[in-house]
Structures are given as C-alpha cells and as structure tokens.
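The figures here come from the full heavy-atom set of this structure, side chains too, leaving out hydrogens, waters and symmetry mates.
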Amino acid sequence: MSHIYLAAPLFTLAERHFNEALAADLTRRGLVVFCPQKECDGLTGRDIYETCLRGVATARIVVAILDGADADSGTCWECGYATAKGIPIVAVRTDFRGTGDTRGFNAMLFYSASAIIEGTDDLFARIYQAVRRLYG
C-alpha cells in the first residue's frame with residue numbers, strides 16, 4: 001500500500017509531538033502515513049536505516065518538515081533519496097527565521113520540492129491539500 005512518508009526531525013519532545021499530531025491529522029483524513037518515530041521505535045543503527053530506506057522507497061509522497069537554521073540531516077537525506085527515486089516532496093517550513101538562500105529554504109531542498117508550504121495558518125489542512133493535489 002502506498003503511503004505518505006513523514007520526513008522530519010524527531011529528537012525533541014516538541015518535534016515528536018508535532019510529528020504525531022500531523023500524522024494523526026493526515027490519517028484522520030484517510031491517508032496512510034509512515035512516521036519514522038513510530039516505525040523505528042525500539043530499533044537502533046542499521047535497522048533504523050533499513051526501515052526508513054524502505055519507507056521512503058515505497059512512499060507515494062514525502063512530506064518534509066524543513067524548519068530550523070539548518071534542516072535536519074536525516075530529513076535532507078530522505079529528500080535527496082526521494083528526488084532520485086522520482087517521489088514528489090511537499091516541503092514544509094513554519095520557521096519564520098530568514099535562513100537559507102531561497103525564501104528560508106536551502107535551494108537544493110526548495111527546487112526539489114513539488115509543493116511548498118510556508119507559515120502556520122491552517123497548516124495541516126494546507127499540507128493535506130498539497131498531498132491530495134500530488135496524488136492526482
């Protein structure tokens with residue numbers, strides 16, 4: 001079954017809560033979401049890598065959370081792999097700080113995205129709408 005892969009930092013309590021809330025919202029709207037913090041719970045090292053690799057490789061779309069002064073390295077890798085596989089990316093940035101070289105994004109991440117979501121107003125609804133447009 002195809003799914004949405006949620007590429008996002010997952011190291012702080014706030015990041016994990018955001019990811020859980022977004023995954024729950026998309027699931028309530030009828031989508032299947034691969035959330036690495038859930039799928040990799042209890043795994044370490046290579047098992048995390050292989051689980052996430054399969055998750056991205058079999059995804060229909062990647063939703064990438066690209067907040068922060070520098071986007072999370074794992075999220076960047078997942079975006080690069082998705083791009084190489086031809087998997088569309090919804091790039092999301094809620095961080096109002098002006099970093100990066102393209103509207104707050106790193107240019108490589110911005111231009112590899114199929115859809116860009118910025119700001120926080122109606123955030124989950126706008127992410128869902130972008131995903132639905134890409135599903136075709």
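- Considering only heavy atoms from C-beta on, Thr75 comes within 4.5 Å of Leu66 through its side chain.
- Although no hydrogens or angles enter the test, the distance criterion places a donor-acceptor pair under 3.5 Å between the side chain of His3 and the main chain of Gly55.
- Using a 4.5 Å cut-off between side-chain heavy atoms of Ile, Leu, Val, Met, Phe, Trp and Tyr, Tyr81 falls into a hydrophobic cluster with Tyr5, Phe34, Tyr49, Leu53, Val56, Val62, Trp77, Ile87, Ile89.
- At a threshold of 4.5 Å between non-hydrogen side-chain atoms, the residues Tyr135 and Ile4 count as touching.
- Here the shortest heavy-atom pairing between Leu134 and Pro88 reads CD1-CB, 4.1 Å.
- Side-chain contact between Ile116 and Arg103 is present, with heavy atoms from C-beta onward closer than 4.5 Å.
- Residues Asp95 and Gly68 approach most closely at OD2-N, 2.9 Å, considering heavy atoms.
- Summarising the geometry of Phe11 relative to Asp72, their closest heavy-atom pair is CE1-OD1, 3.6 Å, with the distance given to 0.1 Å.
- Summarising the geometry of Asn19 relative to Pro9, their closest heavy-atom pair is ND2-O, 3.0 Å, with the distance given to 0.1 Å.
- Residues satisfying the side chain to side chain donor-acceptor pair (under 3.5 Å) criterion with Glu39, sequence neighbours excluded, are absent altogether.
- Under 4.0 Å is where a charged nitrogen must lie from a carboxylate oxygen, and between Lys38 and Asp41 no such pair does.
- At least one side-chain heavy atom of Leu31 sits less than 4.5 Å from a side-chain heavy atom of Arg132.
- In this structure, the side chains of Thr51 and Ile48 stay at 4.5 Å or more apart for every pair of heavy atoms.
- In this structure, Phe18 has its ring center under 6.0 Å from that of Phe124.
- Distance check, rounded to the nearest 0.5 Å: CG of Leu10 to SG of Cys35 gives 7.5 Å.
- Atoms CD and CG, on Gln37 and Leu6 in that order, are 7.5 Å from each other to the nearest 0.5 Å.
- In this structure the side chain of Thr102 never reaches within 4.5 angstrom of the side chain of Leu109, judged on heavy atoms.
- Here the side chain of Glu50 pairs no donor or acceptor atom with the backbone of Asp47 at under 3.5 angstrom.
- Judged as a side chain to side chain contact (heavy atoms under 4.5 Å, CB included), and not counting sequence neighbours, the contacts of Thr27 are Val33.
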